[in-house]
Protein chains: 2
Amino acid sequence: MARPKQALLTRERIVAAAGTLVDAEGLEALSVRRLAAELGVQGPSLYNHFPTKADIVDAVADAVVEQVDLSVFGEKPWPEALRSWAQDYHGVLTEHPNIVPVLAQGPGRRPAGLAMAEAVFGALVDAGWPPARATHIGALMRYLVTGSALGSFALGFDIDPDLYDRYPHLHNAPRLAAHHQAVDEGAFNLGLDLLINGLLAQFEGTRR
Amino acid sequence: MARPKQALLTRERIVAAAGTLVDAEGLEALSVRRLAAELGVQGPSLYNHFPTKADIVDAVADAVVEQVDLSVFGEKPWPEALRSWAQDYHGVLTEHPNIVPVLAQGPGRRPAGLAMAEAVFGALVDAGWPPARATHIGALMRYLVTGSALGSFALGFDIDPDLYDRYPHLHNAPRLAAHHQAVDEGAFNLGLDLLINGLLAQFEGTRR
DNA sequence: AAGTAAAACTTACGCCGCTAGTTTAATCAT
DNA sequence: ATGATTAAACTAGCGGCGTAAGTTTTACTT
């Protein structure tokens, strides 16, 4: 086949197929040949639409970030906005955990990533936080959200019970797997509460 | 060469060389052939000492975790111990950032990882925290430490100034790179303060 | 109508993790 | 002491990887 009458590929179709593949089978399963096969095409054809595989992965990551709702930042005071955004971000990443390692590297040049940083940082600065402090808060939020999404804490322990003979306090670790959602959510929400309440106290302390 | 009089390889030598390579050039640079070359040997020879490459990577990760000081947990009250441990853990990861993606997946079956979990969880439970809450706190600490070590926040932004024309609040983002250590440290310490102070308040609240 | 650009293709290079089978030395059992 | 087994290196090779190069055909531009 040479150039077809109707193009077989578009950037959108490629990103969608790549996202589906990553969600279903993980980042390691995303190879150029495999992705091309899903699209009914030979591997190198993808290079007519993206310069490198990394650009495809980046586009997948940004498509996920695009799903995060940023509208709260114009509508609510910073503490509620921050909480609401962090929960939504966390929820989106929970649905697409396999792409999180990419997001954890920062926004780079990705438009949705930069737009999100702009919204968060802008809201904090506009609310009266000093820019340096707002940067810290933004960083901290990324640490919590990506740290929690990067790998389930509860599923991070091997489930072989014999493994824990020498770690007496951990004897229930294999049982964590059964409740991993509740454990991970509990930890994330605890962290979010502590951070936002603490920040609020600091903020009001400097105001008065 | 067949079997030499003195074995060329040991697990320790392999892990040390792999760790050096990962530290110097990143996880992607660690290939079986490359590592073998560093050790003056052919690639498949490594399989006489480790069943898979993943086991080598795991051993590198555990060697890093082994460096974290756990002695504080027997010596100080839980808030100081938690802070001191988290700072030490954070410091160790700062020196070996390339292995963090592995640690972020949890301890799995790695002995030093499990010993660390045992120490943290045990100290919290022994101090009076309910086990479920202690689990949340342990998870939260991992989120913060690995989240912050996984990728510098300050270096996560592209330094091309033109990129920020459409993100007015971020116009100073390219300057973050110059102070990335201070920014990242500031965010981590802010988070640690907020979490531990908040936990302390909760703990004393339930005691009274 | 001619010229150019786009989008598919095939081929190929140098990497990758790992398996299989071979050789030789060291160690263990009788 | 010797014979058998195990250990630790080797070579050869499989299937997969990202991607560069060059080819063909179609579509768009002038």
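Letters go in sequence order (proteins before strands), and every chain restarts at 1. None of the values given here were measured: they were computed from a predicted structure.
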Original post:
Rounded to the nearest 0.5 Å, how far does CG of A/L39 lie from OG1 of A/T10?
Top reply: 9.0 Å

**OP:** Would you tell me if any nitrogen or oxygen in the side chain of A/H49 comes within less than 4.0 Å of OP1 or OP2 on C/dA6?
**Re:** no

**OP:** May I ask you to say whether A/D193 pairs ionically with A/R83, meaning some side-chain N is under 4.0 Å from a carboxylate O?
**Re:** yes

**OP:** Answer with base, sugar-phosphate or nothing: what part of the nucleic acid does B/L39 contact at a heavy-atom distance below 4.0 Å?
**Re:** nothing

Original post:
Going 5' to 3' along DNA chain D, which nucleotides are the first and last within contact of chain A (any atom under 4.0 Å from a heavy atom)?
Top reply: D/dC17 to D/dA27

Original post:
Does A/N48 get its side chain close enough to the base of C/dA8, under 3.5 Å, for a donor-acceptor pair?
Top reply: yes

Original post:
If each of A/V32 and B/Q42 is mapped to the nucleotide of DNA chain D with the nearest heavy atom, which maps nearer the 5' terminus, i.e. the 5' end?
Top reply: B/Q42

**OP:** Taking only the side-chain heavy atoms of A/P4 (C-beta and beyond), determine which of C/dG17, C/dA12, C/dA8 contains the nearest atom.
**Re:** C/dA8

**OP:** Just grab all the salt bridge (Lys or Arg N to Asp or Glu O under 4.0 Å) pairs involving residues 19-48 of chain A, residues at least two apart or on different chains.
**Re:** A/E25-A/R34, A/R34-A/E38

Subject >> Aromatic B/F50 / basic B/R11 pairing, under 6.0 angstrom, 45° off normal >> reply: yes

**OP:** Could you tell me whether B/L35 contacts a base, only the sugar-phosphate backbone, or nothing, with contacts defined as non-hydrogen atoms closer than 4.0 Å?
**Re:** nothing

Original post:
Are the aromatic rings of B/F188 and B/H90 close, with centres under 6.0 Å apart?
Top reply: yes

Original post:
With sugar-phosphate meaning primed atoms plus P, OP1 and OP2, does A/S31 contact a base, only sugar-phosphate, or nothing at under 4.0 Å between heavy atoms?
Top reply: sugar-phosphate

**OP:** Would you kindly compare A/R33 and A/V41 by the position of their nearest DNA chain C nucleotide and give the one closer to the 5′ end?
**Re:** A/V41

Original post:
From A/D55 CG over to A/R109 CZ, what is the distance, rounded to the nearest 0.5 angstrom?
Top reply: 10.5 Å

**OP:** Whole angstrom is fine here: how far is it from CZ in A/R13 over to P in C/dA7?
**Re:** 13 Å

Original post:
B/L8 has an atom CG; how far is it from atom P of C/dT24, in whole Å?
Top reply: 16 Å

Subject >> d(CZ, B/R34; C1', C/dC16) in whole Å >> reply: 14 Å

